[in-house]
Amino acid sequence: MPNSPSADPNAGEGAAAPQAASDFVRDIVAEDNRTGKHGGRVVTRFPPEPNGYLHIGHAKSICLNFGIAADNKGGICHLRFDDTNPTREDVEYVDSIQEDVRWVGFDWGKNMFYASDYFGKLYDFAVQLIKLGKAYVCDLTPDEMIAYRGAPSVPGKESPYRNRSVEENLDLFARMRAGEFADGAKTLRAKIDMASPNIHMRDPALYRIRKVDHHRTGSQWCIYPMYDYAHCLSDSIEGITHSICTLEFEVHRPLYDWILDELKTPCHPQQIEFARLNLSYTVMSKRKLLQLVEESLVSGWDDPRMPTIAGLRRRGVTPEAIRHFCARIGVTKYNGMTDIALLEHSIREDLNRRALRVMAVLKPIKVVLTNYPEGKVEDLEAVNNPEDASAGTRKVPFSRVIYIERDDFMEVPPKKFFRLFPGNEVRLRYAYIIKCESVVKDANGQITELHCTVDPDSKSGGPTAGRKVKGTIHWVSAAHAVEAETRLYDRLFTVEEPDGGKEGRDFKSFLNPNSLETLAGCKLEPSLANAAPESRYQFERLGYFRADPKDSKPNKLVFNRIVSLRDSWAKEQSK
RNA sequence: UGCCGAAUGGUGUAACGGUAGCACGACUGCCUCUGGAGCAGUCUGUCAUGGUUCGAAUCCAUGUUCGGCAGCCA
């Protein structure tokens, strides 16, 4: 089923993508359908350059392009690799891009292409352009070309090579292709208008010489087409109707149209520009993400703190959450800054509905229940998901010695602290109400354990269980606990706009030193012993977690925190 | 100071000449064996100044602010 969002069966994902509300791009497509502008066809494309991993901003584009194809009858969306610059592209990236697009939930069917598939046709079009007197071979050096180009408010100068004859241009271009000239020695340029107020129309370069192998065409070519030239023609060759790209290409549109108007091409797609996604507390440019990877500031492209699709996936974010997020942020021409809280909300919303609840103590403190019989073990019934009755229940072992969260006890409690403190009672989730009788400390005054008593009549589900206490805390039976490492992730940067050029500071100086907190010796309830990475859990009162797909092993569990739970106590404390 | 584009609450968006709405967020309260979830409510907005009109976020004019463009990158 091409172009329809599909669930990942292995991950147990449900629910199709939300129907995105309309937006100005969809309005244009609908209007074109109404007037029959493209014969009623809708063909879009997602055209990444394979020079880096996809990120959440690409997800916006993927959802837009594949989404528009999906909500129009017979609509198609192509995946096309814009691989016209072999010096920075790599197959590693073409593989990861396919995996990521598929994972986000879309299928291009048979429609996967490469701009490099069209190198032959593109060359022929260039010859055609030369014959029309609309392109010429130029010998200016890069520096000279910059000088001749002028400035935004200063018209450029015409190249001395601009008026070469068609024959000479044909000959030179053929020899460029044949490898007779050195890298950078010559370019093929469009002959448009050096005085144009639009710099992109000042005889832009169409082809450059690069004697390097291409990841697909090998050594077949030593000249490679530029983006502006290759993109519009690739769109036309593929019969694209709507070529959707980001705002910075708006000024390129006249060139896009010029090339298609001058040449005899199969069709003339319409370029439409929308605002790329900016997310607070992160960076989104491939260059900067590459830098983080190369300088080992993160563990790789799939570091769970990265805004890459691979990073989000490894962290445990679901494709549904990403699609919902993309549907919610909308599509406009306004270049804004989306609050990362909106992404976090989409993640929580999805996981709340589906994640199994379990109990896990991340920072344990031992509690001895002094009036509970030694050696006694009770299997207590716990609800797997209060949002989904069909998830059923499970048994959790309870015994005399348990662990509770260090944060759930305070020797000297502040106001509104509803948890455990000397003399106070709390409910142990699914178990008994306990009372803190005494605090045991070591020689250094560090708390080593708590002595508590249980109220035997307060057992969950029991006859007198109805007694209310203010707080309920989670716990894990010491004798039954499974050990694990957990990794708590936080925002990668400390400021909303790390790349905002604030005081000329480098974005890396805003890295959050606490974006990863690794906790060893966490105590999990035994049902987690065989947790598969596909399963996502809510560690009750803490957040959503999943076993790390790379590092977690049956004998050495490692859990990633996907996102924390909303925490109104933390909020209260920060007041 | 050239060209292109954009401005609606703290944030993201809707309203297509006719009641400025939704979501996130924040803040109350209710509920709760998760300080989660849920429920109820509150908060904050049309960049400015003119004009057209019975009526303007929407149309016009001027201005302001912000973003993009000077790779043989995409």
Side-chain angles (χ1 to χ4, degrees), chain A residues 21-23 27 47-49 51 82-85 87-89 138 140-142 145-146 149-156 183-189 196-202 204-210 223-224 226-228 230-231 245-254 273 275 280 286-287 328-346 348-349 352-353 357 359 382-383 386-387 416-419 426-431 433 458 460-461 465-466 468-474 496 538-543 564-572:
Chain A
S22 199
D23 53 64
D27 290 347
E49 183 190 13
N51 69 341
D82 219 336
D83 55 351
T84 57
N85 184 358
T87 60
R88 28 190 252 175
E89 294 156 7
C138 182
L140 253 26
T141 66
M145 210 187 274
I146 289 169
R149 186 158 32 229
S153 52
V154 182
D183 274 17
K186 288 181 170 27
T187 55
L188 181 74
R189 301 176 68 180
S196 171
N198 182 343
I199 288 180
H200 298 282
M201 299 299 270
R202 322 242 263 226
L206 268 22
Y207 269 91
R208 74 287 217 186
I209 301 171
R210 289 281 178 279
I223 57 171
Y224 292 96
M226 300 288 293
Y227 165 85
D228 284 309
H231 202 89
C245 61
T246 45
L247 250 28
E248 67 268 28
F249 293 104
E250 210 153 21
V251 281
H252 294 237
R253 186 166 9 109
E273 310 85 12
S280 59
K286 279 200 222 172
R287 205 196 92 242
R328 240 180 297 236
I329 56 178
V331 179
T332 65
K333 297 185 78 123
Y334 176 71
N335 214 321
M337 172 70 65
T338 297
D339 192 340
I340 199 165
L342 191 54
L343 208 212
E344 293 169 347
H345 168 79
S346 297
R348 289 193 185 102
E349 181 184 57
N352 174 52
R353 207 178 64 231
R357 315 289 131 126
M359 290 196 285
V383 173
E387 306 292 321
K416 292 190 182 173
F417 184 79
F418 305 147
R419 283 112 94 143
V426 293
R427 168 162 303 274
L428 294 178
R429 180 90 159 134
Y430 299 124
I433 290 172
S458 65
S460 292
K468 301 285 182 207
V469 287
K470 192 72 181 161
T472 297
I473 65 174
H474 60 277
E496 270 193 53
Q538 184 195 101
F539 288 5
E540 290 208 36
R541 305 206 304 131
L542 297 173
S564 66
L565 245 31
R566 287 182 69 225
D567 187 348
S568 52
W569 167 238
K571 210 171 283 173
E572 184 66 35

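Reminder, nothing fancy here: chain letters follow the sequence lines and each chain counts from 1. Bear in mind that the values here come from a model prediction, so they are computed numbers and not experimental data.
- In this structure, the NE2 atom of A:H345 is 12 Å from the P atom of B:A26, given to the nearest Å.
- The ring of A:W569 lies on top of the base of B:G35, close enough and flat enough: under 5.5 Å between centres, under 30° between planes.
- Atom CZ in A:R566 sits about 5 Å away from atom P in B:A37, given to the nearest Å.
- Distance noted for atom C1' between B:A37 and B:C16: 39 Å (whole Å).
- Computed from coordinates, the A:D83 CG to B:A74 P distance equals 10 Å when rounded to whole Å.
- The P atoms of B:G25 and B:A61 are separated by 41 Å, rounded to the nearest whole Å.
- Pairing analysis of RNA chain B (Watson-Crick: purine N1 to pyrimidine N3 plus N6-O4 or O6-N4; G-U wobble: N1-O2 and O6-N3; both under 3.5 Å) yields stems of 3 or more pairs at B:2-7 with B:64-69, B:10-13 with B:21-24, B:25-30 with B:38-43, B:47-51 with B:59-63.
- Between A:H200 and A:H252, the ring-plane angle classifies as tilted under the 30° and 60° cut-offs.
- Contact between the side-chain N/O atoms of A:T141 and the OP1/OP2 oxygens of B:C72 is not found at any separation under 4.0 Å.
- The closest side-chain heavy-atom distance from A:P204 to A:M226 is not below 4.5 Å.
- Summarising the geometry, the separation between OH on A:Y207 and C1' on B:C73 is reported as 17 Å, rounded to the nearest angstrom.
- By the stacking rule of 5.5 Å between ring centres and under 30° between planes, A:Y334 does not stack on the base of B:A7.
- Dense packing is recorded around NZ of A:K333, with more than 12 heavy atoms of other residues, nucleotides or ligands lying under 6.0 Å away.
- As a whole-Å value, the separation of A:F249 CZ from B:G67 C1' is 15 Å.
- Going from atom CZ of A:R253 over to atom CG of A:N198 covers 10.5 Å, rounded to the nearest 0.5 Å.
- Between the C1' atoms of B:C22 and B:G45, the separation comes to 14 Å (whole Å).
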